[in-house]
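What follows is a set of notes on a single structure, which appears directly below.
The chains referred to below are lettered A, B, ... by the order of the sequence lines, with proteins before strands, and numbering in each begins at 1. Just so it is clear, the model here is predicted, and its values are computed rather than measured. Side-chain atoms are counted along with the backbone in the values below, which use heavy atoms only and exclude waters and symmetry mates.
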Amino acid sequence: MPEMPEVETIRRTLADKVAGRKIIRVDIGLPRLVKWPTAAEFQAVLTDRTITKLVRRGKYLLFYLDNNYVLIIHLRMTGRLYYKTPGSEFDKFTHILFKLDNGDILLYADTRTLGTLYLMPEEELWRIAGLASMGPEPLSAEFTLEYFADMLSKRRAKIKTVLLNQKLIGGLGNIYVDEALAIACIDPERIASSLTAQEANYLHQAINQVIAAGIAHGGTTFRDYRDGAGQSGSHQRYLQVYGRTNEPCQRCGGIIARKEVAGRGTHYCPNCQK
DNA sequence: ACATGCACCTGGATGC
DNA sequence: TGCATCCAGGTGCATG
């Protein structure tokens with residue numbers, strides 16, 4: 001479900017509410033969501049811990065605790081985190097409750113139950129391979145044009161596959177990859193190393209542009225995604241190609257097409273994207 | 001080392 | 001209404 005702009009929006013809507021709050025009780029309805037350690041240990045170590053800060057890395061959320069432990073959550077496709085006051089209605093797919101010392105609740109809900117939760121000391125975060133090996137994020141100081149162009153020149157996979165690889169760039173997902181390729185007018189099936197310097201430059205700018213816009217609009221809501229307060233995002237109104245199959249391209253008036261690339265539904269304008 | 005395909009899950013939309 | 005099929009903001013693992 002959520003890509004970097006959605007996870008960042010969730011972080012922003014939760015950070016001030018959970019920082020400084022003590023977790024007084026953890027209820028786990030679906031233990032298999034807890035990947036490390038056991039659900040019982042997870043519950044025991046978290047109880048009576050205070051959240052000091054909430055950090056995002058790629059699509060991961062990291063809740064730092066006052067005992068040097070970190071609660072790590074990856075929402076995968078349909079995970080949701082909500083801050084709830086007592087008496088408000090709970091999500092039908094709620095699986096884990098974190099009860100806080102002010103009576104409020106941080107709630108984890110997940111329709112497809114593919115999300116993952118971990119708890120470990122900060123110095124053991126390397127155990128989470130996807131987190132430890134993540135590449136630079138769009139909009140970060142490390143995501144330079146030099147890094148991007150050099151990395152592309154070494155890859156013989158399709159450009160879409162490369163952009164989705166979290167080891168190479170952290171935080172992009174299916175929506176923002178399709179959008180960035182549309183803005184840069186690049187065919188998603190182009191071999192990464194075949195991009196010219198100018199195309200790499202356009203694409204680098206397009207990636208930063210769509211991610212910044214996604215964050216500014218509070219994320220993209222197609223079905224499941226909501227922020228920490230339960231609100232939908234609005235970036236779906238600004239999409240050029242994603243979810244617009246058979247609609248006219250805003251650039252050329254041609255028809256937006258859909259096909260499978262890198263095992264994912266891919267939306268593009270066959271006329272504009274070469 | 002690197003690329004691809006499938007498994008992991010459930011539910012909503014669509015078509016017959 | 002019922003049933004089958006397809007599709008879904010992601011990633012990890014087996015395989016070649």
Side-chain angles (χ1 to χ4, degrees), chain A residues 1-11 29-36 56-61 72-81 91-95 108-118 127-135 138 151-181 188-193 207 210-211 213-215 217-227 232-246 258-267:
Chain A
M1 163 175 89
E3 307 179 31
M4 178 179 153
E6 289 72 39
V7 180
E8 175 60 19
T9 302
I10 292 168
R11 191 197 67 77
L30 191 58
R32 68 173 161 79
L33 297 179
V34 178
K35 304 302 177 186
W36 185 276
R56 180 192 56 75
R57 178 80 175 96
K59 302 172 193 172
Y60 289 86
L61 282 169
I72 305 103
I73 301 182
H74 194 302
L75 303 167
R76 284 294 209 281
M77 294 292 266
T78 51
R80 299 178 289 277
L81 274 171
D91 189 293
K92 183 179 163 190
F93 301 97
T94 295
H95 299 302
Y108 180 80
D110 195 340
T111 313
R112 291 174 69 184
T113 69
L114 296 171
T116 50
L117 293 88
Y118 309 80
R127 290 180 187 279
I128 304 174
L131 185 58
S133 66
M134 188 175 303
M151 181 273 288
L152 292 187
S153 73
K154 294 173 181 161
R155 299 278 154 176
R156 274 164 297 169
K158 292 170 183 172
I159 184 65
K160 170 142 182 175
T161 306
V162 170
L163 299 184
L164 285 172
N165 185 338
Q166 304 295 298
K167 291 185 174 69
L168 305 177
I169 304 172
L172 290 179
N174 206 34
I175 292 179
Y176 296 95
V177 164
D178 279 6
E179 291 300 303
L181 288 168
E189 298 206 85
R190 282 277 297 283
I191 299 304
S193 60
I207 289 167
V210 292
I211 292 297
I215 293 171
H217 295 138
T220 302
T221 298
F222 260 93
R223 43 203 318 183
D224 302 281
Y225 164 69
R226 299 291 184 280
D227 70 20
S232 296
S234 64
H235 191 68
Q236 61 278 8
R237 295 182 209 152
Y238 304 91
L239 298 176
Q240 305 295 305
V241 290
Y242 187 91
R244 299 203 181 279
T245 310
N246 294 329
R258 181 191 176 282
K259 66 179 170 182
E260 191 169 304
V261 179
R264 313 293 301 274
T266 299
H267 314 74

Check against side-chain contact (heavy atoms from CB on, under 4.5 Å), A:Tyr225 and A:Ile10: CA-CA 10 Å; A:Tyr225 164 69; A:Ile10 292 168; 3.9 Å; yes

Would a 4.5 Å heavy-atom cut-off, applied to side chains only, mark [X] and [Y] as touching?
X        : Y        : answer
A:Leu181 : A:Leu163 : yes
A:Leu61  : A:Val7   : yes
A:Met4   : A:Pro138 : yes

Rounded to the nearest Å, what distance is computed from the [atom1] atom of residue [X] to the [atom2] atom of nucleotide [N]?
X        : N      : atom1 : atom2 : result
A:Glu260 : C:dC6  : CD    : C1'   : 12 Å
A:Met151 : B:dA1  : CE    : C1'   : 16 Å
A:Arg80  : C:dG10 : CZ    : C1'   : 15 Å
A:Met134 : C:dG10 : CE    : P     : 12 Å
A:Asp224 : C:dG10 : CG    : P     : 12 Å
A:Ile10  : C:dG10 : CD1   : C1'   : 14 Å

Pairing stems for DNA chain C [at least three consecutive pairs; Watson-Crick or G-U; under 3.5 angstrom]: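 Stem list for DNA chain C: B:2-8 with C:10-16, B:10-16 with C:2-8.
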
[X] near the nucleic acid: base, sugar-phosphate alone, or nothing, with a heavy-atom cut-off under 4.0 Å?
X        : value
A:Thr111 : sugar-phosphate
A:Thr116 : nothing
A:Tyr176 : nothing

Neighbour count >12 (heavy atoms, 6.0 Å) for atom CZ, A:Arg127: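 Yes, enclosed.
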
Ring geometry between A:His217 and A:His235 (parallel below 30°, tilted from 30 to 60°, perpendicular above 60°):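 If you compare the ring of A:His235 with that of A:His217, the planes turn out parallel.
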
With the criterion being N/O to N/O and under 3.5 Å, what pairs connect the protein with nucleotides 12-16 of chain B, and how long is each?
residue: B:dG12; atom: O4'; partner: A:Arg223; partner atom: NH2; Å: 3.3

Nucleic acid footprint by protein, nucleotides 3-8 of chain B - heavy-atom cut-off 4.0 Å, B for base, S for sugar-phosphate alone: SS---B

Letter per nucleotide, 5' to 3', of nucleotides 11-16 of chain C [B base touched, S only sugar-phosphate touched, - untouched; heavy atoms, 4.0 Å]: BS----

Trace of the side chain to side chain donor-acceptor pair (under 3.5 Å) decision for A:Lys154 with A:Ser193: CA-CA 6 Å; A:Lys154 294 173 181 161; A:Ser193 60; over 6 Å; no

B:dC9 to C:dA4 separation - P atoms, rounded to the nearest Å: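 Rounded to whole Å, the distance is 22 Å.
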
Distance, P atom - from C:dT11 to B:dG11, rounded to whole angstrom: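 Looking at atom P only, B:dG11 and C:dT11 are 22 Å apart.
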
Distance flag, aromatic centroids of A:Tyr60 and A:His74, threshold under 6.0 Å: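 Centroid distance A:His74-A:Tyr60: below 6.0 Å, so yes.
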
Modelled atom types, side-chain donor and acceptor of A:Thr220 and A:Tyr238, under 3.5 Å: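 On atom types as modelled, these side chains do not qualify, holding no pair under 3.5 Å.
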
Ring pair (Phe, Tyr, Trp, His ring centres under 6.0 Å) between A:Tyr242 and A:Phe222, worked out: CA-CA 10 Å; A:Tyr242 187 91; A:Phe222 260 93; 5.1 Å; yes

Which residues share a salt bridge (charged side-chain N to carboxylate O under 4.0 Å, His left out) with A:Arg155, sequence neighbours left out: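 If we apply the salt bridge (charged side-chain N to carboxylate O under 4.0 Å, His left out) test to A:Arg155, skipping adjacent residues, there are no hits.
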
Set of residues satisfying salt bridge (charged side-chain N to carboxylate O under 4.0 Å, His left out) with respect to A:Glu8, sequence neighbours excluded: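 A:Glu8 satisfies salt bridge (charged side-chain N to carboxylate O under 4.0 Å, His left out) with A:Arg11, A:Arg12, A:Arg56 once adjacent residues are dropped.
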
Intermediate values then yes/no, salt bridge (charged side-chain N to carboxylate O under 4.0 Å, His left out), A:Arg80 and A:Asp110: CA-CA 6 Å; A:Arg80 299 178 289 277; A:Asp110 195 340; 5.9 Å; no

Side-chain donor/acceptor of A:Lys92 to backbone N/O of A:Thr111, under 3.5 Å: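 Answer holds: no.
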
